[in-house]
Amino acid sequence: MPEDVELVHYSAGVRECRDQLDRRSANGSELDASSISLFNWNVQKKRAPGWRRDFDTYANGANLVLIQEASIREETISEIDASRHWSFAPGYSKLGEITGVMTMSSAQPLAQCSLVHVEPWLRTPKATSITEYGLTGTDETLLVANVHAVNFSFGIGTFKQQFAEIRHVLEHHDGPIILSGDMNTWSDKRSRLVADLAASLELVPVHFENDHRVRFLGSALDHIYVRGLRTLDANTEIVNSSDHNPMIAVLGI
């Protein structure tokens, strides 16, 4: 089947993800709905020196920390900041090291689930972590999708399938949404697909005062989309400790 053929089925992962979100806990703490600070970064598997210094500098105090290519080993789990709640969606595993997406938060999530898609060429999994949080002053909850999109593929079929499944989970949520991550939108087709999906869910892009997002063929790879939230502040930072620059935003209802 050509990669750009429309794929209309959904994996068991979508049903399981929706079921897990429906079984939300009543014990989660809440994020301050008036000011939610967000930090998003693809850390490139922590390969470059200085990544921890940059992480501590720019992620310090953020209510939501979304990491792509987070790399952990069993013996390093204890090094994760114990002051944050964390949800990890595993993707690639090799020699005791697991790489995936991690969402850390100042509030305990009410629910969490994950989706995984496999790169057609390299056969390496790309993960999406979806977490849900209570908000102060409202009965609505915030759904946060932390995405590392499929990169290498013939056409955009697998890429389209990945975002179709993400949409199938998000479209059942009535409250505010954040869709953020390394979306590998390095072509016009990929960029249009993500923009159209965002528009269908009434998500709007966050625009950055100083936009230093990494680009390929002129297109930014990393994005933050929101619904039901306004952008109070948004910037990016230039770093040498990854092949992506972090995005930072402050959002509020």
Side-chain angles (χ1 to χ4, degrees), residues 31-44 48 50-70 84 101-106 128-131 133 135 142-149 151 159 163 166 170 176-253:
L31 296 171
D32 181 357
S34 67
S35 180
I36 302 169
S37 53
L38 169 70
F39 173 87
N40 184 106
W41 191 24
N42 181 326
V43 296
Q44 198 185 11
W51 76 267
R52 188 57 189 255
R53 177 198 63 233
D54 289 336
F55 178 85
D56 290 343
T57 298
Y58 298 118
N60 183 40
N63 302 119
L64 294 170
V65 176
L66 278 58
I67 299 296
Q68 299 86 49
E69 292 197 25
R84 303 180 192 265
V101 298
M102 179 178 289
T103 299
M104 294 185 282
S105 58
S106 58
T128 299
S129 174
I130 300 175
T131 46
Y133 302 92
L135 295 170
L142 171 66
L143 205 63
V144 179
N146 178 0
V147 181
H148 191 192
N151 193 6
F159 183 85
F163 278 94
I166 293 170
L170 300 187
I177 293 175
I178 297 173
L179 172 66
S180 181
D182 175 4
M183 301 189 191
N184 276 314
T185 45
W186 44 258
S187 72
D188 289 342
K189 282 186 177 181
R190 285 169 169 252
S191 296
R192 283 197 302 271
L193 187 148
V194 172
D196 289 347
L197 175 143
S200 73
L201 294 171
E202 300 182 338
L203 293 155
V204 296
V206 169
H207 298 288
F208 301 93
E209 183 175 350
N210 297 300
D211 192 349
H212 301 297
R213 289 177 296 170
V214 169
R215 284 169 164 77
F216 185 75
L217 300 177
S219 298
L221 304 181
D222 305 291
H223 303 272
I224 303 172
Y225 288 92
V226 298
R227 184 182 80 189
L229 298 165
R230 69 185 189 278
T231 302
L232 305 176
D233 189 29
N235 270 294
T236 60
E237 299 290 344
I238 299 174
V239 298
N240 295 317
S241 53
S242 172
D243 56 356
H244 289 252
N245 289 324
M247 302 180 293
I248 302 169
V250 180
L251 310 165
I253 290 183

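Starting from 1, each residue takes its place in the sequence as its number.
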Go through the structure and list residues passing side-chain hydrogen bond (donor to acceptor under 3.5 Å, both in side chains) with Ser129, not counting sequence neighbours. none
Can you tell if the side chain of Ile177 reaches within under 4.5 Å of the side chain of Leu203, non-hydrogen atoms only? yes
Kindly compute the distance separating CE (Met104) from CG (Leu64), expressed to the nearest 0.5 Å. 10.5 Å
Using side-chain hydrogen bond (donor to acceptor under 3.5 Å, both in side chains) as the criterion, list what pairs up with Asp222, not counting sequence neighbours. His244
Kindly write out the residues that satisfy side-chain contact (heavy atoms from CB on, under 4.5 Å) with Ala234, not counting sequence neighbours, or none if the list is empty. Val206, Phe208, Thr231, Ala249
Set of salt bridge (charged side-chain N to carboxylate O under 4.0 Å, His left out) partners for Asp233, sequence neighbours left out: none
Mind checking side-chain contact (heavy atoms from CB on, under 4.5 Å) for Asn240 and listing every partner two or more places apart, or none if nothing turns up? none
Would you please classify the geometry between the Phe55 ring and the Trp41 ring as parallel, tilted or perpendicular, with 30° and 60° separating the classes? parallel
Counting N and O atoms only, with roles assigned by atom type, does the side chain of Asp182 sit under 3.5 Å from a partner on the main chain of His148, one being a donor and the other an acceptor? no
Show me the pairs that pass side-chain hydrogen bond (donor to acceptor under 3.5 Å, both in side chains) and involve residues 195-204, at least two apart or across chains. none
Residues in salt bridge (charged side-chain N to carboxylate O under 4.0 Å, His left out) with Arg215, at least two apart? Asp211
If you look only at pairs with a residue in residues 54-63, which of them pass as a salt bridge (charged side-chain N to carboxylate O under 4.0 Å, His left out), with sequence neighbours excluded? Arg52-Asp56
Sequence-distant partners of Ser187, side-chain hydrogen bond (donor to acceptor under 3.5 Å, both in side chains), two or more places apart: none
Side chain to side chain, Ile36 and Leu142, heavy atoms closer than 4.5 Å: yes
Please enumerate all residues that pass side-chain contact (heavy atoms from CB on, under 4.5 Å) together with Leu232, with sequence neighbours excluded. Arg230, Val250
Side-chain contact, heavy-atom cut-off 4.5 Å: Val147 with Val101? no
Could you pull out all residues at least two apart from Pro205 that satisfy side-chain contact (heavy atoms from CB on, under 4.5 Å)? His207, Tyr225
Here the gap from Arg190 atom CZ to Ser219 atom OG, rounded to the nearest 0.5 Å, amounts to 11.0 Å
Roughly how far apart are Ile248 CD1 and Ser37 OG, rounded to 0.5 Å? 9.5 Å
Leu179 side chain near Leu197 side chain, heavy-atom distance below 4.5 Å: yes
Backbone N/O of Ser241 and side chain of Arg53: donor-acceptor pair under 3.5 Å: no
Could you tell me which residues satisfy side-chain hydrogen bond (donor to acceptor under 3.5 Å, both in side chains) with Thr103, sequence neighbours excluded, listed by chain and number? Asn146
